[in-house]
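Here's the structure we're looking at; comments come further down.
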Amino acid sequence: MTDILEKLSVCVEFGKIDIKSPYPPSMKDQEGAFELTKNALESGISPGEILEEALIPAMSRVGQKFSRNEIFVPQMLMAAKAMSSSMTHLKPYYLSGQAKRRGVFIIGTVTGDLHDIGKNLVAMMIEGSGWEIVDLGVDVSADKFIQAAEKHPGAVVGLSALLTTTMENMRKTVAILKAKYPALKIFVGGAPVTAEYCTKIGADFYSPDPQGAVEYLKTLA
Ligand code: B1M
């Protein structure tokens, strides 16, 4: 890994958002994830490398430390903010190169779940592959998904869940949506979700990552 990606990964892991950010105190006045991402892109490192080699491994380390009670929610939140500041530079790359919209993809994180980094990533990748995105945000009720499906006939719906406790809300949302729109294609994902769970709750497709989502959607449009 290049020096710049290593530094970026450390910034995300420790929640250093940008040069002005006072947190963490040990990194005061140093460039943060915002500047380093910009520098990395300017030096020719691809958005994919930045994501795969710096950002995702950093968030994975954050998760492991949180599991071991070595860090707590505030630190995790700062790491998420640093990752989001990096993503502001990557987003235009994911959005470029689209000729025409292939369809509408409605996406949201299910009720009770506030995690949106992975969901945003999936949305960006799908948008970059030519789909119009209707992003309903986080903590999205089944009603909101229904309203969006009504407004966009023929759309595909994507549900994200990051907590084992909110997987049940994913199941309920799928059941409500399928009862109203049996032909609606529903895509599920998020760290605790599996292919088996997808089948069990009657969703149509599961992918552990954004690329799988993009590939699946290619088969539909
Ligand atoms: Co939370 N959190 N969190 N958290 N958090 C996890 C998920 C956790 C695994 C950490 C841990 O314990 N190791 C754990 C869940 C445990 C469990 O349920 N088994 C956890 C917990 C417990 C909690 C709280 C309950 C903590 C508390 O308050 N005590 C709380 C819950 C709040 C709520 O939602 N109601 C909470 C809060 C938070 C923050 C707000 C501080 C922050 C979220 C900020 C935000 O999203 N804006 C946060 C963060 C940052 C994390 C970790 C560290 C990172 C998540 C992340 O962004 N990963 C996470 C640990 C971890 O995952 N390593 C953790 C990077 C992202 C790119 O990956 O979201 O998995 P991910 O998305 C992937 C795939 O899953 C997939 O593609 C993405 C890219 O590869 N994917 C899809 C995701 N959605 C998809 C949809 C698809 C297809 C693929 O189709 C539709």
Side-chain angles (χ1 to χ4, degrees), residues 9 12-15 17 23 33 47-48 50-88 90-91 94 104-129 131 133-141 145 148 155-170 173-174 177 184-195 197-198 201 203-217 220:
S9 205
V12 171
E13 181 176 353
F14 292 94
I17 299 170
Y23 181 87
I50 294 173
L51 194 62
E52 299 294 334
E53 293 180 27
L55 305 187
I56 290 178
M59 293 310 280
S60 161
R61 291 195 295 275
V62 169
Q64 287 160 15
K65 285 197 283 187
F66 183 78
S67 299
R68 297 193 297 260
N69 290 326
E70 290 168 13
I71 61 164
F72 301 97
V73 173
Q75 288 100 320
M76 202 155 73
L77 196 51
M78 292 310 288
K81 285 190 175 167
M83 176 148 175
S84 296
S85 80
S86 176
M87 293 303 295
T88 58
L90 300 191
K91 191 168 180 183
Y94 287 109
V104 176
F105 190 77
I106 299 165
I107 189 164
T109 307
V110 299
T111 304
D113 200 320
L114 303 177
H115 295 85
D116 67 357
I117 296 174
K119 183 264 297 167
N120 292 346
L121 204 51
V122 171
M124 272 186 248
M125 299 279 283
I126 291 175
E127 192 169 18
S129 72
W131 289 69
I133 298 294
V134 176
D135 188 345
L136 302 179
V138 296
D139 191 18
V140 181
S141 65
F145 280 109
V156 177
V157 171
L159 308 179
S160 180
L162 261 287
L163 299 171
T164 43
T165 47
T166 55
M167 287 168 75
E168 172 61 10
N169 296 337
M170 177 179 265
T173 304
V174 171
L177 283 169
L184 182 73
K185 294 274 182 222
I186 305 180
F187 195 125
V188 292
V193 181
T194 61
Y197 190 69
C198 166
I201 66 175
D204 296 286
F205 192 76
Y206 157 80
S207 165
D209 52 41
Q211 200 47 40
V214 168
E215 295 303 322
Y216 169 69
L217 290 174
L220 301 180

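First listed ligand is number 1; within each ligand, the first listed atom is number 1.
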Using a plain distance cutoff, I'd like to know if Gln64 has any nitrogen or oxygen under 3.5 Å from a nitrogen or oxygen of ligand 1.
no
Checking a contact table here: which protein heavy atom is nearest atom 12 (O) of ligand 1, and how many Å away?
Phe66 CD2, 3.2 Å
Please check whether Phe187 reaches ligand 1 - meaning an N/O of the residue sits under 3.5 Å from an N/O of the ligand, judged on distance alone.
no
In ligand 1, which numbered atoms sit nearer than 4.0 Å to a non-hydrogen atom of Val122?
77 (O), 81 (N), 82 (C), 85 (C), 88 (C), 89 (C)
Hey, does Thr164 come in under 3.5 Å of ligand 1, counting only N/O atoms on both sides?
yes
Top protein contact for atom 62 (O) of ligand 1, by heavy-atom distance
Leu162 CD1, 4.4 Å
Can you list the ligand 1 atoms lying under 4.0 Å from a non-hydrogen atom of Gly158?
91 (C)
As an exercise, state the distance from CZ of Phe14 to CE of Met78, rounded to the nearest 0.5 Å.
13.5 Å
Answer yes or no: is there a side-chain heavy-atom contact under 4.5 Å between Ile117 and Met87?
no
Please name the pair of heavy atoms, one in Ala213 and one in Ser207, separated by the smallest distance, quoted to 0.1 Å.
N-OG, 3.5 Å
Nearest protein heavy atom under 4.0 Å from atom 24 (C) of ligand 1, yes or no
no
Considering only heavy atoms, does Pro208 approach ligand 1 within less than 4.0 Å through its side chain, its backbone, both, or neither?
backbone
Which option wins on minimum heavy-atom distance to atom 78 (C) of ligand 1: Pro192, Gly118, Ala80?
Gly118
Heavy-atom protein neighbour under 4.0 angstrom from atom 17 (C) of ligand 1:
yes
For atom 40 (C) of ligand 1, the protein heavy atom that lies nearest, with its residue and separation
Leu77 CD1, 3.9 Å
I need the minimum non-hydrogen distance between Val140 and Gly108, along with the two atoms involved.
CG2-CA, 4.2 Å
Does a side-chain heavy-atom distance below 4.5 Å link Ser9 with Arg61?
yes
When every non-hydrogen atom of Phe145 is compared with those of Leu136, the smallest separation belongs to CD2-CD1, 3.7 Å
Heavy-atom protein neighbour under 4.0 angstrom from atom 9 (C) of ligand 1
no
When only distance counts, is Ala213 in polar contact with ligand 1, meaning an N/O pair under 3.5 Å?
no
Donor-acceptor under 3.5 Å (Asp113 side chain, Ala161 main chain):
no
Within the distance-only criterion (no hydrogens, no angle test), does the side chain of Asp139 pair as donor or acceptor with the backbone N or O of Thr111 below 3.5 angstrom?
no
Report yes if the side chains of Ile201 and Met167 come closer than 4.5 Å at any heavy-atom pair, otherwise no.
no
For ligand 1, which atoms have a heavy atom of Gly190 less than 4.0 angstrom away?
75 (O), 81 (N), 82 (C), 83 (C), 84 (N), 85 (C)
Looking only at atom types and distance, does a side-chain atom of Thr109 sit under 3.5 Å from a main-chain N or O of His115, one as donor and one as acceptor?
yes
For ligand 1, which atoms sit closer than 4.0 Å to a heavy atom of Asp113?
34 (O)
Any side-chain heavy atom of Val157 sitting closer than 4.5 Å to one from Thr173?
no
So which protein heavy atom does atom 47 (N) of ligand 1 come closest to, and at what separation?
Asp116 OD1, 2.7 Å
For Lys185, does the NZ atom sit with more than 12 other heavy atoms under 6.0 Å from it, leaving out its own atoms?
no
Atom 1 (Co) of ligand 1 - closest N/O/S atom in His115:
NE2
Can you name the atoms of ligand 1, numbered from 1 with element, that are less than 4.0 Å from a heavy atom of Ser160?
83 (C), 84 (N), 85 (C), 86 (C)
Of the backbone atoms (N, CA, C, O) and the side-chain heavy atoms from C-beta on, which set of Thr165 has a member under 4.0 Å from an atom of ligand 1: side chain, backbone, both, or neither?
neither
Under 4.0 Å and counting heavy atoms only, is there anything from the protein next to atom 74 (C) of ligand 1?
yes
Please report which non-hydrogen protein atom sits nearest to atom 14 (C) of ligand 1, along with the residue it belongs to and the distance in Å to one decimal place.
Leu163 CD2, 4.3 Å
Just by distance, do the side chain of Tyr206 and the backbone of Val193 share a donor-acceptor pair under 3.5 Å?
yes
Short N/O distance, under 3.5 Å, between Leu114 and ligand 1?
yes
Do ligand 1 and Ser207 have nitrogen or oxygen atoms that lie under 3.5 Å from each other?
no
Below 30° counts as parallel, above 60° as perpendicular, anything between as tilted: where do the rings of Phe205 and Tyr216 land?
parallel
Note the single closest protein heavy atom to atom 13 (N) of ligand 1, along with its residue, its atom name and the distance in Å.
Ser67 OG, 2.6 Å
Among all protein heavy atoms in this structure, tell me which lies nearest to atom 29 (N) of ligand 1, with the distance rounded to 0.1 Å.
Val73 CG2, 4.1 Å
Nearest non-hydrogen protein atom, atom 80 (O) of ligand 1:
Pro210 CD, 3.4 Å
